[in-house]
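In what follows, a structure is listed as structure tokens, so that the remarks can point back to it.
A, B, ... follow the sequence lines: proteins, then strands. Residue 1 opens every chain. Worth saying up front: this structure is predicted, and the values here are computed from it rather than measured.
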Amino acid sequence: MTQTKKSSGHPLDGLLRLDRIPHIWCPGCGIGTAFSSCLIAMKTSGIDLQKTVMVSGIGCSGRGAGYVNLDSYHTTHGRAIPFATGMKLANPELNVVVFSGDGDLFAIGGNHFIHAARRNVDMTIICINNFNYGMTGGQVAPTTPYQAKTTTTPAGNPERPFNLPLLAYASGATYVSRWTILHTRDLMESIEEALKKRGFSFIEVLAPCPVNYGRRNREKALDSLKIYQERTIIKNDAHPTELDIDFDRGVILGKFIDLDQPTCTEMYDKTCRPKDLLYD
Amino acid sequence: MEFWRIPLDADEIQITRGIVHIIEDRCKGCGYCIEFCPKEILEFSTKFNQKGYHPPMVVKPDDCVNCHYCEIICPEFAIYSVEDTMNMEKAQG
Ligand code: SF4
Ligand code: SF4
Ligand code: SF4
């Protein structure tokens, strides 16, 4: 018999702090999907979850760390990456995952991002980009598309947004990709690949914030997903300079960078802890 | 399943069948699973859950191919599919 059954055993329940579910994210918010893809990738990648930690900063996406049933840390605004860098240096065995939003990682935390990428710290950064500051009421962010409306740009955003994959690449990231929450399978596979990758991996996830960004730009949650379906182009290995976010022209998704380079810890050990020094 | 052209190996391919489970009280009614299920097997139900949303219901249970798309896109961990091993044979060929 093929039937719908009521059951309470979702396959991800083991990785969730069930006492905190339902989460605070609004109906249709894309963060939940990105979070779910991340948890599935953690499960399927085969990495040792006992040695995996999740670090978040502040903002709606920053709540992620509070829902995962692993060692997880909700840090101060913009400081998820330095906190995570410290953990990785202190215990290089850890798989360090940073799950946070565009505002946290690229506005207040922007400097930390570029330096962790420059050092090639071995960690996975999952950045939920919803084009505005959702938690505080939908103000303009460094990722808000040109002429998009927010509470603080009622006539449209006069500035141009960051091209995050270009920023990551230029700073030294060794793995860079971009997907939307509609491209669930690609997103999940990309996160899985990034988790297993040695080096600084960056995944940008485009996600709707229907309550703030969507409302002011006449986009219901489903409309945003249809835009992701109709106005995106998958182009692996595209050059990062082509990756500006402009939905009128089409937004490029895919895996853009995948390089092998010595990590921060390896370079540090080679320079500051040569074997002959250690055993003298 | 209907084919525009019968694939040459149609009698060898097993179509996986799935059973959808819905945890109704977790649903916030975004409609993603309903809109993007490739087999269009879900619809909003008319009843309300504890939080006042209309959760999805399965209208074409026999068509689920266990692709897990609904499971991954659901932001609320409210829906998932499992393989229907009992019905494998029926789906063959
Ligand atoms: S405010 Fe926006 S980003 Fe924050 S939970 Fe609501 S929809 Fe998501
Ligand atoms: S598993 Fe696939 S076919 Fe089945 S209900 Fe979910 S999305 Fe539809
Ligand atoms: S995707 Fe999840 S939250 Fe949205 S309608 Fe379906 S079951 Fe409900």
**Prompt:** What is the minimum heavy-atom distance between Arg178(A) and Leu243(A), and which atoms define it?
**Reply:** NH2-O, 2.7 Å

**Request:** Identify the two heavy atoms, one from Phe131(A) and one from Thr143(A), that lie closest to each other, and give their separation to 0.1 Å.
**Result:** CD2-O, 3.6 Å

Go through the atoms of [X] and report whether side chain, backbone, both or neither lie under 4.5 Å from a heavy atom of chain A.
| X | value |
| --- | --- |
| Glu76(B) | both |
| Tyr53(B) | side chain |
| Phe36(B) | side chain |

**Fill in**
Highest number of heavy-atom pairs under 4.5 Å with chain B among Pro27(A), Cys29(A), Pro210(A) belongs to Pro27(A)

**Item:** Option in Cys26(A), Ala221(A), Ser37(A) with maximal non-hydrogen atom pairs under 4.5 Å from chain B
**Value:** Ala221(A)

**Request:** Please say whether more than 12 non-hydrogen atoms of neighbouring residues, nucleotides or ligands are located less than 6.0 Å from CD in Glu40(B).
**Result:** no

Contacting moiety of [X], where chain B heavy atoms sit under 4.5 Å:
| X | answer |
| --- | --- |
| Leu187(A) | neither |
| Leu15(A) | neither |
| Leu182(A) | both |
| Ile40(A) | side chain |

**Asked** Can you find a pair of side-chain heavy atoms, one from Ile227(A) and one from Phe247(A), that are under 4.5 Å apart?
**Response** yes

**Message:** With no hydrogens and no angle check, just 3.5 Å: does a side-chain donor-acceptor pair link Glu193(A) and Tyr175(A)?
**Reply:** yes

**Between Gln139(A) and Thr151(A), a side-chain donor and acceptor under 3.5 Å** = no

**Asked** Is the ring centre of His54(B) less than 6.0 Å from the ring centre of Phe48(B)?
**Response** yes

